[in-house]
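Structure, as structure tokens:
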Amino acid sequence: MSQQEIDQLVDQDYKYGFVTDIESDTLPPGLNEDVIREISTRKGEPEWLLEWRLEAYAKWLKMTPPDWAHVDYPPIDFQSISYFSAPKKQGDGPQSLDEVDPALIETYNKLGIPLEEQKMLAGVAVDAVFDSVSVVTTFKEKLHEAGVVFCPLSEAVHSHPELVKKFLGAVVPQNDNYYAALNSAVFSDGSFVYIPKGVRCPMELSTYFRINQQNTGQFERTLIVAEEGSYVSYLEGCTAPQRDENQLHAAVVELVAETDAEIKYSTVQNWFAGDDEGKGGIYNFVTKRGECRGDRSKISWTQLETGSSITWKYPSCVLIGADSVGEFYSVAVAGKKQQADTGTKMIHIGPRTRSTIISKGISTARGQNAYRGLVKVLPGAVDARNFTQCDSLLIGDQCGAHTFPYVEAEEPSAQLEHEATTSKVSDDQLFYLRTRGMTEEDALNMVVNGFCKEVFQKLPMEFAVEAEALLGITLEGAVG
Amino acid sequence: MLSIRNLHARVGDKPILKGINLEIKTGEIHAIMGPNGSGKSTLSSVLAGRDEYEVTDGEVIYQGQNLLELEPEERAWAGVFLSFQYPVEIPGVKNIYLLKAAVNAVREHRGQPELKAGEFLKLVREKLKVMQMDEAFLHRNVNEGFSGGEKKRNEILQMQLLEPTLALLDETDSGLDVDALRIVGEGINQMRSPDRSVLLVTHYQRLLDVVKPDFVHVLAQGEIKLSGDHTLAQRLEREGYEGIEAA
Amino acid sequence: MSGFSAWLADAEDTHAIKAIAVGLPTKRVESWKYVPTRSLARTTWKQADPQGVEQFALTAGSFVNVPTLDGLSVTEPDILPGEQRRLNTMSEAHGFALTQAALEHSRLILTVEKTASVALNLHHIANQASSAGFATLVIRIEAGAQLTLIEQFDQVTVDQANLSSLRCLLTLDRDASVTHVRFQAANSNAHVFTNLDVECGEHSSYRLQTIEFGSKLARSDIYVALAGKEAQASVNGLAITNGSQYHDTHLAIDHVVGDTRSEMTFRNMVDGKGEATFNGRVLIRKDSQRSGTEQSIANLLMSDSARVNPKPELEIYADDVTASHGCTVGSLNKTELFYLKSRGLSEADARAFLQYAFAEKIVEEIEDPEIRDLVETQLLGELTHGELIAELKESVDV
């Protein structure tokens, strides 16, 4: 294949790039204490939450943006961002899908989110965050029967104040890092999930995120608490419309798993990646962390990261309870001029804690993909185990693949293993498949899908199908 | 020499041995045969003292001592030798270091004088000849890069040097070609003595053509289902384990 | 404030001014994240006095008894622009590197002439208490020349903190080959700093074996640039860290051009309250096609208070490459221990065997028999139950 053909193929537009025309109630750009008060007032928050936000803001002011990641971008002007935006027709909230703004439904349909039928048939409740305010929640009743709380965090602040107060910031402290501090000060909304003792959540919980307001930073905040012996699987997927200016996305996700509880958190991330020059893409600076507090608890992160112009994200597990388990399965694709610096942290504190890290990085075009991970074993984490495998695939000679695995071990009975490989797609494999009648593109797809298989298998069924399709779209024209 | 009484053992929560009874007298050769998963390897591992296996009931008396209470090295000192199904590779340690350290450790506990370098080398060379092994083996790292057959020959070489009173040979014939099988078999035969007992654990009958056992036991589902003389092995070969189990 | 402030203030050099301004690196400096700088900061350092010795040695920041050898010439301190650039880069790496540059006491420039074959054995002589020596060694290895460079440390006792720093530039012209062995067995109060910058020309070959047993604190910054086609580098190392020792190696191999190969194998064995850090970085630049690299790092933790921080990094910008790394942390393998014990070895002897085996994988690669024996003997001394193996070696190695 000639270079020209390759260039043509690599040069493909974002399939989900469009803007929905909905009137918004948006604050003017800028950030100060008054803005935070205004956000809090508009959301009708209690006094303690405003104080909490202001406290975080004070901490944020004293912090500096991190510079250690393998990413490069111009400094962000935090005063040029608007920190609040809500669809106008919020009112008392829709009682059914019929009451939802039709333009919004239209957007979901364009995105192929089967909100009305498919998900319902599949028994999935969808809590869709459109910009900063949750619009619709379905299947609430069924969950209610099981005793599961699944609602927007802004609602939980009123309906379950003691739970929110207890767990907000309990896993990711306000000053954990620069972007977590910013989020703590201005967080818009997100999901709140509470699974009571012994309850197995009757359905997969899924949330779709969209960024739709120009210059509106979106600061989701999600909190999931799984009490003793409970189980929940949470899905999060996102795709965003095309933009000319960079959009900041700084989310915080906190998970708490008590004794024998299990949380499975899956993400498909497809924010707008920017054009070929990286212009207009999303800055995705996310803090995700789970605490396995109880014995035998388990937290599993699975992610497919294909979008954003910059991704800075390390879903982590703090393994406190004895025999607790942390897992991280990731496929990250960096094409165009995307930069991804992602990985995980596994902190082993309790005895016999185990963790597994499987990371698959794919770089194409001028993408830069970095795995950055930490496995830390504290004294007393007797017989802790970790297995890490990081594989990188390079497609084309303009991209980069990087591996930065940190290990800090202080427990002699721990056993840690790390393996990594970097290679290009083997010509032999492609040739073999082509002699069997496949096009070069199909052959590549097959090889890459095989490369990612281990991770896709960890996604819930219907998500795995979407993930493979998304990967296929992302790789279109990447044959090199 | 060795009495196994009502031996029960498990791995994790899974019971594997469910009441093994076996009496091995001095000078006898016993063979334990059985299909995969019958508990053969568990039995030899328990006898050798691997700590992944938990004995839940029963006892094993070796020369009047409770064998199960002994550490692996104490078993070796007491004259028990285990030939591994998968001999362990130890890069960085020369084979001869292990051989000499082992021989002298065992001799010391038997109240025998330590072998001087010259005596030791003479002895090793003699045994190498029996096992048809090249002297270069001594200076290679323990089992590192050895073929399957070389590893097994190295095990029997160790047995010859350590002169145990009870040898437990776990799947010693697996992975051997015809020639290696003959050499290993002869190495075992050479160790036959009225003072020494051997327990062979094997899946196939072929080693038993070379080393003729006095008794054959069939192990299945963690129990000895059938015992007999060496003709039982031939019957197994003809009829398979299923036929025997059904009987 | 660092323990060098007063000395730096006297040095009146641009590096010194910067070094004072920057200070010693803190935990926030990524490459110094784990380094315990307390003793560096708390000691009031001064220039060491040279010791009388007879061999080619580095004492108090000076080279003494530079040998006269066929094919080896001493060049007047006249640094080439390329070398100066590399020294500047080295100096800018972190606050302590600035100090090393600023306090340089002497500089030796040697040339191994075309197609010559030279063996150099440099002895590091310990400095007295609270004193330090800083020196720079530049060796140019001309086309087709061969150099064997062995660095070893004398075994002495110094009661208090002492420090020695060597910055070393090696430049391999085409077809040159260098075998470099560093055996660091400095006294238990020593602070040993090594900054090594190697540039490999076309079809040249550089091989480094670095063994760290001694010192209180040892830090090595090693950078190897594969700058010519078909250049290759092999770096392997062993650190045995005991008591409250801290050993730290930051190694970077840079595949500047294509068709280059590198390999790094490191092993750390940490006991007592020791801490070992190993950062191995391989960079394969854009257009450095058809390059290959393999990294293997193994860490053995022998006590409850021991700590290791291994980090194998791959930074790859070319697609037609093969790169892999493996890293393990653990204690002695239970199956191996069981195997040895089932052959009659006591627990203590079996453990010593396996520790020896772990270290030996690196030590046995040293070609020079004299230095290898020296390392092996000291290795057995480092092990808690090394006597049995020492006896065995004595009796059956012929």
Side-chain angles (χ1 to χ4, degrees), chain B residues 45 47-52 70-84 86-110 114-121 124 135 138-139 141-144 155 158-159 161-162 164 168, chain C residues 211 236 238 240 265-267 269 296 298 300 326 328 331-366 372 375-376 379-380 382-383 385-398:
Chain B
S45 296
L47 296 178
R50 277 193 200 259
D51 57 9
E52 305 94 283
L70 300 180
E71 291 294 319
E73 63 271 34
E74 292 171 327
R75 296 180 200 210
W77 301 336
V80 180
F81 178 87
L82 170 76
S83 158
F84 283 54
Y86 303 107
V88 178
E89 297 189 8
I90 306 183
V93 172
K94 285 185 188 177
N95 213 10
I96 192 166
Y97 290 2
L98 170 60
L99 295 175
K100 185 157 188 258
V103 166
N104 280 330
V106 169
R107 288 180 69 90
E108 188 192 329
H109 287 88
R110 287 183 192 152
E114 192 173 294
L115 286 184
K116 299 249 167 11
E119 298 167 329
F120 173 72
L121 278 173
V124 173
E135 209 171 313
L138 298 176
H139 296 278
N141 289 333
V142 178
N143 292 325
E144 190 188 24
E155 293 290 286
Q158 292 177 20
M159 176 174 80
L161 286 165
L162 295 178
L168 307 167
Chain C
I211 313 281
N236 62 42
L238 168 70
I240 297 187
T265 308
F266 264 78
R267 297 199 156 197
M269 180 156 71
S296 150
L300 208 49
T328 58
S331 51
L332 298 174
N333 180 304
K334 284 186 183 150
T335 310
E336 292 174 5
L337 271 176
F338 175 74
Y339 186 72
L340 292 175
K341 285 162 75 179
S342 79
R343 296 296 176 258
L345 268 66
S346 68
E347 170 88 21
D349 284 336
R351 292 177 74 85
F353 253 69
L354 293 179
Q355 290 180 61
Y356 171 77
F358 180 83
E360 191 58 18
K361 271 313 246 187
I362 301 293
V363 177
E364 70 186 6
E365 297 286 317
I366 300 175
R372 188 179 60 234
V375 173
E376 279 182 356
L379 165 66
L380 293 170
E382 294 281 327
L383 302 180
H385 290 274
E387 313 82 22
L388 174 66
I389 302 160
E391 270 174 48
L392 286 167
K393 278 174 65 70
E394 192 110 330
S395 67
V396 294
D397 273 356
V398 255

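Lettering follows sequence order; numbering is per chain, from 1. All values below come from the heavy atoms of this structure, side chains included, with hydrogens, waters and symmetry mates left out.
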Task: side-chain contact (heavy atoms from CB on, under 4.5 Å) partner of B:Val88, the single match among C:Leu340, C:Thr335, C:Leu337 - done: C:Thr335
- [ ] To the nearest 0.5 angstrom, please state how far the CD atom of C:Glu336 sits from the CD atom of B:Glu89.
- [x] 9.0 Å
TODO: Can you see which heavy atom on B:Trp77 is nearest to which on C:Gly344, and at what distance?
DONE: NE1-O, 2.5 Å
Task: Spatial distance of atom OG (C:Ser346) from atom CD (B:Glu74) [nearest 0.5 Å] - done: 11.0 Å
Task: Intermediate values then yes/no, side chain to side chain contact (heavy atoms under 4.5 Å, CB included), C:Glu364 and B:Asn141 - done: CA-CA 11 Å; C:Glu364 70 186 6; B:Asn141 289 333; 4.2 Å; yes
TODO: Enter the distance from B:Gln158:CD to C:Ser342:OG here, rounded to the nearest 0.5 Å.
DONE: 8.0 Å
Open item on the list: Suppose we call two aromatic rings close when their centres sit under 6.0 Å apart. Are C:Phe338 and B:Phe84 close by that rule?
Closed with: yes
Open item on the list: Has C:Arg343 got a side-chain atom pairing as donor or acceptor with B:Leu82's backbone, closer than 3.5 angstrom?
Closed with: yes
Open item on the list: Between C:Phe353 and B:Tyr97, is the ring centroid distance below 6.0 Å?
Closed with: no
Open item on the list: Looking at every non-hydrogen atom in both residues, tell me the closest pair between B:Pro91 and C:Ala357 and how far apart they are.
Closed with: O-CB, 3.1 Å
Task: Worked check of salt bridge (charged side-chain N to carboxylate O under 4.0 Å, His left out) between B:Lys94 and C:Glu360 - done: CA-CA 10 Å; B:Lys94 285 185 188 177; C:Glu360 191 58 18; over 6 Å; no
Task: Close side-chain approach of C:Leu345 and B:Leu98, heavy atoms under 4.5 Å - done: yes
- [ ] Under 4.5 Å heavy-atom distance to chain B, tell me which part of C:Ile362 shows up: side chain, backbone, both or neither.
- [x] neither
- [ ] Answer with side chain, backbone, both or neither: which region of B:Val103 has an atom nearer than 4.5 Å to a non-hydrogen atom of chain C?
- [x] neither
